[in-house]
Amino acid sequence: MTRHHPGGTRGWAAARKKVLSGLRFTSLRLRLVVVFGLVALTAAVSASAIAYWLNREAVLTRTQDAVLRDFEQEMQNRAGALPERPTQDELQHTAGQMAGSGQRFTVLLVAEDAGGRTVYGSSGGLNGFSLRDVPRSLRKAVDKRQKVTSSNEHAYHLYWQRIVEDDTPYLVAGTRVIGGGPTGYMLKSLEPEAKDLNSLAWSLGIATGLALIGSALLAQAAATTVLKPVHRLGVAARRLGEGRLDTRLRVSGTDELADLSRTFNKAAEALEKRVADMAARDEASRRFVADMSHELRTPLTAITAVTEVLEEELDSESGGIDPMIEPAVRLVVSETRRLNDLVENLMEVTRFDAGTARLVLDDVDIADQITACIDARAWLDAVELDAERGIHARIDPRRLDVVLANLIGNALKHGGSPVRVSVREEDSELVIQVRDHGPGIPEDVLPHVFDRFYKASASRPRSEGSGLGLSIALENAHIHGGGITAANCPEGGAVFTLRLPRDVSALTEQAEGAGKDRAGDDRTKDEGAKGDA
């Protein structure tokens with residue numbers, strides 16, 4: 001028998017728990033291997049345990065029956081031939097003869113001599129097999145006299161028991177001679193049978209290990225068969241998510257995975273068709289707006305020229321316009337200007353949507369640029385400028401002027417004077433803030449201030465603009481690689497923050513390089529995906 005050490009067992013259990021806790025069963029392949037392994041291990045261990053138990057019982061029963069039968073025969077033939085009161089020498093001689101039988105067991109004979117003393121005869125000599133080696137329970141059973149009945153012909157019977165001494169199994173048996181005579185005990189080593197059973201256990205253990213390895217290989221093969229289509233589906237889904245709507249899966253077979261591939265292809269085809277339809281409608285809409293804006297410019301040019309003449313007549317001292325129609329003329333002049341601005345804004349928005357807007361970069365002094373913007377629109381008296389000269393940035397001056405004009409003009413129209421424009425540097429960024437002292441922007445309006453054609457007429461006076469100014473300003477900031485945010489100051493009023501990189505050209509070169517890298521990566525992915533799909 002093997003003796004277990006509690007400390008070693010606890011250490012192994014703790015190490016196993018630590019390893020298992022570190023594993024994350026997120027891989028389907030790993031889970032399949034584990035499940036297959038557990039099923040195979042359970043089946044193999046169960047089969048091995050049953051086989052070992054059946055073989056153990058068969059081997060021990062066969063050996064035990066042969067030994068007991070031989071011992072019982074020897075007791076009747078040799079011990080039965082002894083006188084009722086034998087001497088120790090007679091017992092010793094008979095025990096040696098009994099031990100020489102075919103089973104080679106050790107014998108102990110116990111009897112009373114003519115003087116009433118208990119004498120012993122052992123085949124192992126004086127220091128061999130003794131009565132102390134026989135379990136007390138077995139001695140009591142052997143010495144107990146049974147009542148003789150029709151079903152029990154003898155007063156004494158043969159009893160046996162298996163014991164372990166020094167990790168070696170033994171078979172101990174005892175009985176008394178029928179009709180009177182000595183009591184005999186037998187000790188038989190079962191070590192050969194134990195070695196055979198250990199060899200069987202090792203063989204079954206090796207078979208269990210091979211079964212576990214085979215199940216792992218089988219699980220690996222099954223996982224590969226099952227997961228390969230799933231991997232292809234994952235690759236195709238990623239490509240579809242990246243915008244490559246022509247991605248399709250090769251369908252083979254009639255199982256559930258094939259049905260899943262067909263469903264994916266149908267979904268991808270429907271998505272590609274819908275996106276193509278939406279892109280076509282969007283392109284048609286942009287082309288319509290561009291064409292409409294372009295076509296409107298010709299009559300607007302003529303109308304603008306006429307309105308300029310009418311405006312000169314209104315401002316002349318001769319009074320060439322009838323006072324009755326003067327309001328109508330002024331309305332025509334104002335709405336013509338607004339329509340002209342709207343057409344220009346629509347064309348600018350169309351350029352952004354079509355991706356044809358380009359930067360014309362130049363190195364400019366930000367303070368001079370803001371001053372020029374304010375001076376050109378006669379806002380010097382209403383705007384406070386906090387900007388030091390000497391802060392340079394490489395940007396598009398015209399587009400920056402459009403951004404500043406929209407932000408400052410929006411603050412003057414909807415906020416409260418004075419409007420303050422401040423400039424500062426943060427690392428490699430240029431930060432321009434435009435703050436007014438008005439009522440601020442309602443919280444429900446803040447997320448929409450840069451939306452096209454959005455006007456918060458419920459909280460501010462009705463705007464005469466087109467609702468595209470802040471949207472165009474944001475697009476111009478984005479094309480520079482920057483952005484605009486809107487917020488309310490704790491002291492009151494709204495503040496718009498424009499952030500631009502100091503050198504837009506460097507970012508443009510990086511973006512072009514990244515675009516080339518992404519194109520190369522896309523080509524590599526396409527080649528790999530073709531091989532997978």
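What you see is a predicted model; the values in this text were computed from it and never measured.
Taking the side chain as every heavy atom from C-beta outward, R232 and V235 never approach each other to under 4.5 Å. Using a 4.5 Å heavy-atom cutoff, the side chains of N476 and L400 are not in contact. Side-chain contact between R399 and I479 is present, with at least one heavy-atom pair separated by less than 4.5 Å. I395 has its side chain out of reach of D362: every pair of non-hydrogen atoms, C-beta onward, lies at least 4.5 Å apart.
Residue pairs that meet the salt bridge (Lys or Arg N to Asp or Glu O under 4.0 Å) test with at least one member in residues 366-384, sequence neighbours left out, are D368-R389, R377-D401, E384-R420. For residues 265-277, the side-chain hydrogen bond (donor to acceptor under 3.5 Å, both in side chains) pairs, not counting sequence neighbours, are R248-E272, K273-D277. Counting only residues at least two apart or in different chains, side-chain hydrogen bond (donor to acceptor under 3.5 Å, both in side chains) contacts with residues 487-500 comprise E426-R499, E429-R499, Q433-T497.
In this structure, CD1 on I50 lies 12.0 Å from CG on N55, to the nearest 0.5 angstrom. Taking CG of D386 as the reference point, atom OG of S422 lies at 6.0 Å (rounded to 0.5 Å). How far OG of S203 is from CG of N198: 10.5 Å, rounded to the nearest 0.5 Å.
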Let's go through H392 and V364 carefully: what are the C-alpha distance in whole Å and the side-chain angles of both, what is the deciding distance for side-chain contact (heavy atoms from CB on, under 4.5 Å) to 0.1 Å, and is it a yes or a no?
CA-CA 6 Å; H392 291 263; V364 299; over 6 Å; no

Assess the residue pair F496 and L470 against the criterion (side-chain contact (heavy atoms from CB on, under 4.5 Å)); give the C-alpha distance rounded to whole Å, side-chain angles, the decisive distance to 0.1 Å, and a yes or no.
CA-CA 10 Å; F496 286 81; L470 290 178; 4.2 Å; yes

Please test L404 against I432 for side-chain contact (heavy atoms from CB on, under 4.5 Å), starting from the C-alpha separation and ending with a verdict.
CA-CA 9 Å; L404 293 173; I432 302 175; 4.1 Å; yes

Report the C-alpha separation of F264 and L240 in whole Å, then their side-chain angles, then the decisive distance to 0.1 Å, and conclude whether the side-chain contact (heavy atoms from CB on, under 4.5 Å) test is met.
CA-CA 10 Å; F264 175 85; L240 194 66; 4.1 Å; yes

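H437 contributes no side-chain N or O that, together with a main-chain N or O of G493, makes up a donor-acceptor pair within less than 3.5 Å. Proximity of a side-chain donor or acceptor of N410 to a complementary backbone N or O of N406 within less than 3.5 Å is not detected. In terms of modelled atom types and a separation under 3.5 Å, the side chain of R435 and the main chain of P418 share no donor-acceptor contact.
Nearest heavy atom pair, residue A367 against residue L385, reads O-CD2, 4.2 Å. A477 approaches V403 most closely through the heavy-atom pair N-CG2, 4.4 Å. The two atoms that bring A387 and V423 nearest to each other are CB-CG2, 3.6 Å, heavy atoms only. The nearest pair of heavy atoms linking H480 to P501 is O-CG, 3.2 Å. Of all heavy-atom pairs spanning A411 and V434, the tightest one is CB-CG1, 4.1 Å. For the residue pair D365 and G390, the shortest heavy atom distance occurs at OD2-N, 2.9 Å.
Scored by the ring-ring contact (aromatic ring centres under 6.0 Å, His included) test, H448 finds Y454 as partners (sequence neighbours excluded). With sequence neighbours left out, L474 forms a side-chain contact (heavy atoms from CB on, under 4.5 Å) with F450, H478, I484. With sequence neighbours excluded, the residues that form a side-chain contact (heavy atoms from CB on, under 4.5 Å) with E425 are I391, R502.
The neighbour count for D427 CG, taken as heavy atoms of other residues, nucleotides or ligands under 6.0 Å away, does not exceed 12.
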